[in-house]
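Throughout, numbering of the chain's residues begins at 1 and tracks the sequence. Counting starts at 1 for both ligands and their atoms, in listed order.
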Amino acid sequence: MAIPLVDLKAQYQSIKADIDAAVARVFENASYILGAEVETFERHFAHYCDTQHAIGVSSGTAALQLSLLACDIGKGDEVITTPFTFIATAAAISHVGAKPVFVDVDPRTYNIDPAKIEVAITLRTKAIMPVHLYGQPAEMDPIIEIARRHNLCIIEDACQAVGATYHGRKAGSLGDLACFSFYPPKNLGAAGDGGMVVTNDDELTDRIRKMRDHGRTSHYAHGLVGFTYRLDALQAAVLDVKLEHLDEWNEARRRHARTYDELLASTDLVLPYEAEGCRAVYHIYAVRTPRRDDVLAQLRAAGIGASIHYPLPVHRQPAYAHLGLGEGSYPIAETSMRSVLSLPIYPEITQQQIEQVVGTLAECVG
Ligand SMILES: *Cc1c(COP(=O)(O)O)cnc(C)c1O
């Protein structure tokens with residue numbers, strides 16, 4: 001039997017009646033953009049993240065871009081982030097006219113290494129954008145301390161980490177602003193694109209609310225130059241149903257991660273490392289093997305939807321060639337990204353499916 005990387009059909013089947021009712025309600029009301037569905041979901045999501053405000057937007061990338069703009073970051077500014085991420089983290093920085101400045105990662109968590117941040121700070125640095133990679137919070141306490149000392153804003157890229165905690169605090173409640181993506185395969189996925197910004201700051205909230213909707217201050221008055229970056233009612237209704245199940249789903253992901261850990265302990269694969277004080281939500285379960293490309297090909301041939309997150313660090317992508325950052329610029333990110341391999345993980349995966357993945361993997365790596 002084939003095993004996908006994520007199984008969105010299984011998730012739908014488990015909550016079909018509630019999703020269908022929510023979708024039908026949106027069509028009955030025929031109110032499709034923002035409105036009551038979005039407001040309800042925003043309220044529930046802010047509560048879930050332990051923040052005062054949540055602003056629904058059209059994607060995780062839009063959330064990052066609006067957060068940067070709300071902090072007045074633009075041309076001539078620099079934002080410190082990690083090269084070990086999905087390209088959208090850096091793209092959002094580039095889209096506001098600022099420059100992404102990369103800092104290498106911790107070799108065990110693959111998250112930004114706080115010890116390397118300070119040397120990257122210049123007079124142009126305005127913000128730090130840590131990414132909670134694979135669903136594990138970055139090491140935030142030292143990052144917060146550095147940001148305070150240098151008067152920098154922290155924008156969390158929490159796109160992979162809804163519900164993760166760091167010393168008991170929720171991902172999303174750790175920085176000045178935090179951004180989430182509801183791209184369908186994320187651990188809280190919409191039925192299309194969607195995103196969210198959360199914050200405790202009233203003024204930033206006000207600016208982002210306006211910017212996501214053409215800069216509107218009233219229907220015909222546009223107080224600033226804005227965008228069409230709104231969350232729609234259909235996505236909010238679906239997400240609100242799913243949010244109720246998220247803790248249970250994240251717990252299931254953690255259980256599956258422990259099962260993989262145990263079954264793979266005797267192989268020579270490098271397993272995920274959960275840092276002290278972190279509760280990761282395993283949006284992705286990634287191992288490392290020096291024979292990654294062979295192993296991936298064999299798993300795929302056996303019908304297992306293994307994948308790579310991500311094949312290239314951001315500074316090595318053609319889109320960022322103009323930064324002139326050659327091979328060896330961020331050696332830990334570069335070497336670990338040559339050997340990472342993501343295994344199937346989703347709440348509904350069964351013990352038997354995990355055993356099948358491990359069995360096939362064991363044949364490949366011995
Ligand atoms: C998914 C993701 C994004 C972008 O989210 P979209 O909703 O696809 O725009 C940004 N950063 C990270 C780390 C992501 O995983």
Side-chain angles (χ1 to χ4, degrees), residues 5-6 8 41 45 54-69 79-96 100 102-103 105 109-112 127-138 140 143 154-164 171-172 174-175 177-198 208 212 227-232 234-236 238-239 242 250 253 280-286 307-315 317 319-320 333 336-337 340 342 345-346:
L5 183 68
V6 286
L8 299 178
F41 177 58
F45 195 82
I55 308 113
V57 296
S58 52
S59 69
T61 310
L64 293 165
Q65 192 184 344
L66 292 179
S67 296
L68 290 157
L69 290 171
V79 177
I80 290 175
T81 192
T82 162
F84 197 146
T85 182
F86 181 57
I87 194 162
T89 313
I93 298 168
S94 302
H95 278 309
V96 303
F102 301 109
V103 163
V105 297
T109 63
Y110 320 124
N111 275 327
I112 192 167
I128 306 173
M129 188 176 277
V131 176
H132 306 320
L133 192 78
Y134 298 161
Q136 163 152 260
M140 291 301 292
I143 295 174
I154 298 177
I155 302 171
E156 292 170 70
D157 182 340
C159 287
Q160 303 186 359
V162 194
L174 304 160
L177 293 144
C179 302
F180 293 93
S181 166
F182 306 127
Y183 181 65
K186 298 282 160 89
N187 74 314
L188 178 62
D193 279 311
M196 190 73 86
V197 180
V198 299
I208 293 169
R212 75 173 168 179
F227 302 87
T228 315
Y229 283 175
R230 303 168 298 217
L231 184 64
D232 65 68
L234 205 51
Q235 302 312 332
V238 166
L239 289 162
K242 291 192 175 191
N250 283 344
R253 286 175 181 275
V281 293
Y282 294 93
H283 163 57
I284 284 163
Y285 182 93
S307 189
I308 302 173
H309 298 89
Y310 299 88
L312 274 182
V314 177
H315 65 282
Q317 284 288 353
Y320 280 103
S336 39
M337 289 174 94
V340 283
S342 309
I345 194 162
Y346 43 91

Exercise. Heavy-atom distance under 4.5 Å between the side chains of Q160 and L133, does that happen here?
Worked result: yes
Exercise. Does F86, backbone or side chain, put an N or O under 3.5 Å from an N or O of ligand 1?
Worked result: no
For this session: Run the numbers for me: atoms of ligand 1, each under 4.0 Å from some heavy atom of T85, listed by number.
Result: 13 (C)
Seminar exercise, completed: Check: of S181, A62, A63, min heavy-atom distance to atom 7 (O) of ligand 1 comes from S181
Problem set entry | T61 side chain vs A88 backbone, donor-acceptor pair below 3.5 Å | no
Problem set entry | F86 side chain near Y183 side chain, heavy-atom distance below 4.5 Å | no
Problem set entry | Close N or O approach (D157, ligand 1; < 3.5 Å) | yes
Exercise. Side chain or backbone of S59 under 4.0 Å from ligand 1, or both, or neither, by non-hydrogen atoms?
Worked result: both
For this session: Output yes when a side-chain donor or acceptor of Q136 lies under 3.5 Å from a complementary backbone atom of T109, and no otherwise.
Result: no
Exercise. Nearest to atom 9 (O) of ligand 1, what protein heavy atom do you find, and at what distance?
Worked result: T61 OG1, 2.5 Å
Exercise. Any side-chain donor paired with an acceptor under 3.5 Å for Y320 and S94?
Worked result: yes
Exercise. Heavy atom of V131 under 4.0 Å from ligand 1?
Worked result: yes
Exercise. Under 3.5 Å, side chain of D157 to main-chain N/O of G60, donor-acceptor pair present?
Worked result: no
For this session: Determine, using heavy atoms of K186 and all atoms of ligand 1, whether some pair is separated by less than 4.0 Å.
Result: yes
Exercise. Looking at OG1 of T89 and CZ of F102, how far apart are the two atoms once the value is rounded to the nearest 0.5 Å?
Worked result: 9.0 Å
For this session: Starting from atom 15 (O) of ligand 1, find the nearest protein heavy-atom neighbour and note its residue, name and distance.
Result: Q160 NE2, 2.8 Å
